[in-house]
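Worth knowing before you read on, the calculation uses all heavy atoms, side chains too, and leaves out hydrogens, waters and symmetry mates. Throughout, numbering of the chain's residues begins at 1 and tracks the sequence.
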Amino acid sequence: DELVAALVSVGKYDPESARYLTETLIARRDAILRRYLGRLSPIADVRVEEDRLVGVDLARRTRIVPSESITLRARLYRTDRYVPAGSAVVQLLPASTLSVALAHQAADGGARDDDASRYLVVDIANGYAPGPLRAHLYDLGPTRGFRLVGIERPEDDRPPQ
């Protein structure tokens, strides 16, 4: 909001016009954010940090949705056959950052890095978008950690196929 007000101040409008223009631009910005951050998962900046999958919920960061963490959930699927592997706790951290702890199933040695037995899919739902953020990873074992190899934003929360 402060940046919008600063932008309007450059125009040197009279106070009433400046107030109206600022309020109108903020309302339009919020309508655009609600429209586009609510259609597909708004989770962005996805990365692996140690044994955690981390991302930023842009809908929460922009205050388009409430910031409570009660609606967050993560579902896990293993191997390239997407075998359900339970759920994981999603933590809501400062700055609307989400964090999911990942547990290793694969050993450090053995199967090739891209072997189906090392494959892991994590669906993170923010409780507002109809579909999750779907992260595809390989579990390279406790020493080498997890490698993020792709993300998707499905339109609904059906399991991967």
Going by chain and number, the hydrophobic cluster around Tyr20 (ILVMFWY, side chain to side chain under 4.5 Å) further includes none
Which heavy atom of [X] sits nearest a heavy atom of [Y], and at what distance?
X: Val4; Y: Thr22; value: CG1-O, 4.0 Å
X: Asp115; Y: Ser117; value: OD2-OG, 2.6 Å
X: Gly38; Y: Pro130; value: O-CD, 3.1 Å
X: Ala74; Y: Val122; value: CB-CG1, 4.3 Å

- prompt: Which pairs, with at least one residue in residues 103-113 and sequence neighbours excluded, count as a salt bridge (Lys or Arg N to Asp or Glu O under 4.0 Å)?
  reply: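 Applying salt bridge (Lys or Arg N to Asp or Glu O under 4.0 Å) to every pair that reaches into residues 103-113, excluding sequence neighbours, yields Arg112-Asp114, Asp113-Arg144.
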Glu23 atom CD, neighbour heavy-atom count above 12 within 6.0 Å |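 Enclosed: over 12 neighbouring heavy atoms sit under 6.0 Å from CD of Glu23.
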Practice problem: Check whether more than 12 heavy atoms from other residues, nucleotides or ligands sit under 6.0 Å from atom OH of Tyr36, and answer yes or no. | Solution: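 For Tyr36, atom OH is not crowded (no more than 12 foreign heavy atoms under 6.0 Å).
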With hydrophobic residues grouped by side-chain heavy-atom distances under 4.5 Å, do [X] and [Y] end up in a single group?
X: Val100; Y: Leu72; answer: yes
X: Val90; Y: Leu40; answer: no
X: Phe146; Y: Leu148; answer: yes

Of all residues at least two apart in sequence or in a different chain, which pass the side chain to side chain contact (heavy atoms under 4.5 Å, CB included) check with [X]?
X: Ala101; answer: Arg52
X: Ala85; answer: Leu76, Arg78
X: Ala44; answer: Leu58, Arg153
X: Tyr13; answer: Val8, Ser17, Ala18, Leu21

Measure the [atom1]-[atom2] distance between [X] and [Y] for me, rounded to the nearest 0.5 Å.
X: Ile26; Y: Asp1; atom1: CD1; atom2: CG; answer: 4.0 Å
X: Leu133; Y: Leu53; atom1: CG; atom2: CG; answer: 7.5 Å
X: Asp57; Y: Asn126; atom1: CG; atom2: CG; answer: 4.5 Å
X: Leu98; Y: Ile43; atom1: CG; atom2: CD1; answer: 5.0 Å

Note to self: Test your reading of the model: is there a side-chain donor-acceptor pair from Arg60 to the backbone of Val65, 3.5 Å cut-off?
What the structure shows: no
Counting N and O atoms only, with roles assigned by atom type, does the side chain of Ser96 sit under 3.5 Å from a partner on the main chain of Val56, one being a donor and the other an acceptor?
no
With sequence neighbours excluded, what pairs up with Thr97 under the side chain to side chain donor-acceptor pair (under 3.5 Å) test?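 Checked Thr97 against side chain to side chain donor-acceptor pair (under 3.5 Å); zero matches.
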Residues passing the side chain to side chain donor-acceptor pair (under 3.5 Å) test with Glu49, sequence neighbours excluded, are Arg47
- Does a side-chain N-to-carboxylate-O contact under 4.0 Å join Asp30 and Arg63?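 So Asp30 does not pair with Arg63 through a salt bridge.
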Electrostatic pair Arg73-Asp157, nearest N-O below 4.0 angstrom: yes
What pairs with [X] under salt bridge (Lys or Arg N to Asp or Glu O under 4.0 Å), at least two apart in sequence or on another chain?
X: Arg147; value: none
X: Arg35; value: none
X: Asp80; value: none

Could you tell me whether the side chain of [Y] reaches within less than 4.5 Å of the side chain of [X], counting heavy atoms only?
X: Ile124; Y: Pro132; value: no
X: Pro159; Y: Tyr77; value: yes
X: Tyr82; Y: Val121; value: yes

Extract all donor-acceptor atom pairs below 3.5 Å that involve side chains of residues 134-142 and protein atoms in other chains or at least two apart in sequence.
{"unit_1": "Arg134", "atom_1": "NE", "unit_2": "Asp123", "atom_2": "OD1", "d": "2.7"}
{"unit_1": "Arg134", "atom_1": "NE", "unit_2": "Asp123", "atom_2": "OD2", "d": "3.4"}
{"unit_1": "Arg134", "atom_1": "NH2", "unit_2": "Asp123", "atom_2": "OD2", "d": "2.9"}
{"unit_1": "Arg134", "atom_1": "NH2", "unit_2": "Arg158", "atom_2": "O", "d": "2.8"}
{"unit_1": "His136", "atom_1": "ND1", "unit_2": "Tyr119", "atom_2": "OH", "d": "2.5"}
{"unit_1": "His136", "atom_1": "NE2", "unit_2": "Glu152", "atom_2": "OE2", "d": "2.6"}
{"unit_1": "Asp139", "atom_1": "OD1", "unit_2": "His104", "atom_2": "ND1", "d": "2.6"}
{"unit_1": "Asp139", "atom_1": "OD1", "unit_2": "Gly141", "atom_2": "N", "d": "3.0"}
{"unit_1": "Asp139", "atom_1": "OD2", "unit_2": "Gln105", "atom_2": "N", "d": "2.7"}
{"unit_1": "Asp139", "atom_1": "OD2", "unit_2": "Ala106", "atom_2": "N", "d": "3.0"}

Pair Thr71, Tyr128 - check side chain to side chain contact (heavy atoms under 4.5 Å, CB included), show working. CA-CA 8 Å; Thr71 58; Tyr128 293 94; 3.9 Å; yes
